[in-house]
Amino acid sequence: MKKNFIIIGCGRFGASVATTLYDLGYDVLAVDSSEETIRNISDKVTHAVQADATDEEVLRSLGISNFDVAIVSIASKVQSSILATILVKELGIPYVLCKAKDALQAKVLYKIGADKVVFPEKDMGVRVANSLVSTNILEYVDLDPEYSIAEIVIPKSFEGKSIAAINFRAKYGVNIVAIKEKGGVNFNPDAALVMEKGDILIVIGSGSQIRNLEKVK
């Protein structure tokens with residue numbers, strides 16, 4: 001069954017998440033206290049409502065318990081962010097992702113039930129920095145303080161060799177999630193798969209492990 005999402009706070013980050021999910025075919029309810037913000041996003045999501053997301057009765061009236069995921073994107077208003085997070089969890093939303101402006105706010109959000117906290121500016125900075133200094137890494141995303149996921153163009157020395165022959169886990173400490181080939185994306189590829197020029201590895205590991213793999217020629 002297709003998930004539906006409620007986005008609380010439709011600034012740049014919230015609006016970007018909301019419109020992207022909607023474009024991908026998901027049902028999205030956008031909520032913001034600003035009439036102008038709601039007016040600007042109303043034709044880019046399933047529903048858009050001007051409302052105070054820190055008011056429990058307002059959230060109940062929106063049928064919030066029917067949503068699968070809530071994105072709380074009001075990091076600049078710390079008290080509102082905390083209260084909205086508490087309410088959506090108490091009202092039964094299974095998964096809540098919150099935007100935070102610093103580590104302290106993130107710590108509080110996790111304490112009160114947030115399932116995932118992101119730092120959009122920091123995360124984007126990491127991705128841009130890695131793209132500037134790396135010739136092989138196409139995408140780089142921090143999953144948590146210890147693990148990251150990256151898309152890496154296979155080095156020339158891997159061409160014509162199988163996954164088993166390279167022994168990624170033992171030699172580099174990374175796990176292969178998938179391989180992008182000419183025919184599409186191959187998830188959980190077989191160890192006997194032979195890699196070809198232009199293939200892209202999607203791997204998970206620590207930042208240092210991924211950087212070591214990226215240095216292979």
*asked:* The criterion is side chain to side chain contact (heavy atoms under 4.5 Å, CB included); which residues satisfy it with Tyr95, sequence neighbours excluded?
replied: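 So Tyr95 forms a side chain to side chain contact (heavy atoms under 4.5 Å, CB included) with Val69, Leu97, Asp115, Lys116.
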query = In chain order, what residues pass the side chain to side chain contact (heavy atoms under 4.5 Å, CB included) check against Ala106, with sequence neighbours excluded?
reply =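 Checked Ala106 against side chain to side chain contact (heavy atoms under 4.5 Å, CB included); matches are Ala100, Val117, Phe119.
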For Thr54, check side-chain hydrogen bond (donor to acceptor under 3.5 Å, both in side chains) against everything at least two apart and list the hits.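 Scan of Thr54 (side-chain hydrogen bond (donor to acceptor under 3.5 Å, both in side chains), adjacent residues dropped) gives Asp52.
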Item to check | Heavy-atom closest pair, residues Pro189 and Ile176 | outcome: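 Minimum heavy-atom separation between Pro189 and Ile176: CG-CG2, 4.0 Å.
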Please name the pair of heavy atoms, one in Ser81 and one in Ile74, separated by the smallest distance, quoted to 0.1 Å.
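Closest heavy-atom pair between Ser81 and Ile74: CB-O, 3.5 Å.
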Please indicate whether Lys89 has more than 12 foreign heavy atoms, meaning atoms of other residues, nucleotides or ligands, lying under 6.0 Å from its NZ.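 Yes, because the 6.0 Å sphere around NZ of Lys89 holds more than 12 heavy atoms from other groups.
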Discussion item. By the side chain to side chain donor-acceptor pair (under 3.5 Å) test, which pairs, at least two apart or in different chains, include something from residues 158-168?
Written reply: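 Counting only pairs at least two positions apart or across chains, no side chain to side chain donor-acceptor pair (under 3.5 Å) contact touches residues 158-168.
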So which pairs with a foot in residues 165-174 pass salt bridge (Lys or Arg N to Asp or Glu O under 4.0 Å), sequence neighbours left out?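 Residue pairs passing salt bridge (Lys or Arg N to Asp or Glu O under 4.0 Å), neighbours aside: none found.
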Salt bridge (Lys or Arg N to Asp or Glu O under 4.0 Å) contacts in which one or both residues fall within residues 191-200, not counting sequence neighbours: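 Listed by first then second residue: nothing to list.
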Item checked: Residue pairs, two or more places apart or on separate chains, that pass ring pair (Phe, Tyr, Trp, His ring centres under 6.0 Å) and touch residues 21-44 ->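 Those involving residues 21-44 are Phe5-Tyr26.
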| task | Could you list all the ring pair (Phe, Tyr, Trp, His ring centres under 6.0 Å) pairs where at least one residue sits in residues 154-178, not counting sequence neighbours? | result |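 As it turns out, the ring pair (Phe, Tyr, Trp, His ring centres under 6.0 Å) pairs with a partner in residues 154-178, which skip direct neighbours, are Phe158-Phe168.
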Who are the salt bridge (Lys or Arg N to Asp or Glu O under 4.0 Å) partners of [X], not counting sequence neighbours?
| X | value |
| --- | --- |
| Lys180 | Glu151 |
| Arg60 | Glu56 |
| Glu35 | Arg39 |
| Glu90 | none |

**Report entry** Gap between atom CD1 of Ile6 and atom CD1 of Ile64 - 0.5 Å precision
**Finding:**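 Interatomic distance, Ile64 CD1 to Ile6 CD1, rounded to 0.5 Å: 4.0 Å.
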With a 3.5 Å distance limit and no angle check, can you tell me whether Thr19 reaches the backbone of Ser16 through a side-chain donor-acceptor pair?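 A pair under 3.5 Å: yes.
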